[in-house]
Engineer: 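First, the structure itself, so that you have it in front of you.
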Amino acid sequence: MSIHDLDFITQRLNELKEQGVYRKLAVLEGPSGARSVINGKEVINLSSNNYLGLANHPRLKKAAMEALEKWGVGAGAVRTIIGNMSIHEELEAKLAEFKHVEAVLVFQSGFTANAGVIPAVVDKGDIIISDELNHASIIDGCRLSRADVVRYKHSDMEDLERVINEVKDNYNTKLIITDGVFSMDGDVAKLPEIVDLAEKYGCLTYVDDAHASGVLGKSGRGSADHFGLHGRVDIQIGTLSKAIGVVGGYVAGRKNLIEWLNHRGRPFLFSTAAPPSVAAACLEAINILSESTELTDRLWENARYLKKGLKDLGFNTGNSETPITPVIAGDDKLAIELSKKLFEEGVFAQSIVFPTVPRGGARVRTIVTAAHTKADLDETIRAFEKVGKELKLIK
Ligand code: PMP
């Protein structure tokens, strides 16, 4: 036996298998859409983040193809050397206008935005006050910074105030971080209260709008817009990978913040710029959203319809307020079985189990999009009814 056989890795994989959490990736054959071919079968796709159906939109594809012809396939360097193309800057200017902020900086993904921005803003001697259910990329960004981190109970404003009071005299910068929409439950952060507390105690606010970009606020301008908090949230992160339909992340805020990140946002400095076709497609997506609220209106109409259908059947859909609707089964195996049986009925809805969600909170997570038709949603509701009764999740 040689160390190069990586037996310790095989052992870890076996442990995952014993715990029942080893998984194979589902395979999408063709574009992400309301209906997709998944593992060889055409099904209603209720698990993508393609909220507005933009991932396969003709206008985005045309913009990407034109950019491909004009600019080539790659940016050729990191932005700070010579990978900064005018199409990147055009996208940032458009996003800044769309978000009503002074400036925007685009990163290669939402994940790298969090991993880059947090360590650039806080350091030793600072404190991050973080919602306990914040996304993994926020957790990693916090770890990469040398700041201390303290967590408050999920969306519990009393606990947030208690934590602020506990730490407030011991640190320089105090940064409160929250997801705008929480990805497993589909609930919305209590941003107005968070901002009030931040202003009361002299903290900065940082909201990660990955699941709110293109979803919440007018034409998907995000959670600050949704709550009318323009100018009061210091740092807004958005993603271009979900509702915007392409890939990328960005930070929106004051000009000095963006200039600083230009010098100290490590993924911006050390990882190659997004391909120009990606920037062009994102720009076209923001153009579409700026022109009308049609797509976001349809998304919300569909979200309300499916959520009501599932609730009326008697499913536990938790505290969801957005197009993310969990159907909570409780037990891990039951959630996995629910997902499997739904697939047999022609619906792909991924199960999510411990440790991604707490024990006893295993679920199938549904994400409806603007591209789903009423017929898709009615078929989905029928499938949930049949399988839910079989598994005795509903009567
Ligand atoms: N933040 C949150 C809250 C997310 O849900 C996600 C995506 N899972 C990300 C950041 C990462 O975004 P991206 O996919 O653009 O890297």
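Just follow the structure's listing: the first ligand is 1, and inside any ligand the first atom is 1.
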Engineer: Using a strict cut-off of less than 4.0 Å between a Lys/Arg side-chain nitrogen and an Asp/Glu carboxylate oxygen, indicate whether K341 and E345 qualify as a salt bridge.
Structural biologist: no
Engineer: If we count only N and O atoms by modelled type, under 3.5 Å, do the side chains of T178 and D131 hold a donor and an acceptor together?
Structural biologist: no
Engineer: Heavy-atom cut-off of under 4.0 Å around ligand 1: list whichever protein residues fall inside it, by chain and number.
Structural biologist: S109, G110, F111, N114, H135, S137, D179, D208, A210, H211, T239, S241, K242, G248
Engineer: Looking just at side-chain N and O atoms, do S137 and H135 make a donor-acceptor pair shorter than 3.5 Å?
Structural biologist: yes
Engineer: Side chains of Y171 and D148: is there a donor and an acceptor less than 3.5 Å apart?
Structural biologist: yes
Engineer: Does the pair E166/R162 count as a salt bridge with the N-to-O cut at 4.0 Å?
Structural biologist: yes
Engineer: Do the side chains of D126 and K174 get close enough for a salt bridge, i.e. N-O under 4.0 angstrom?
Structural biologist: no
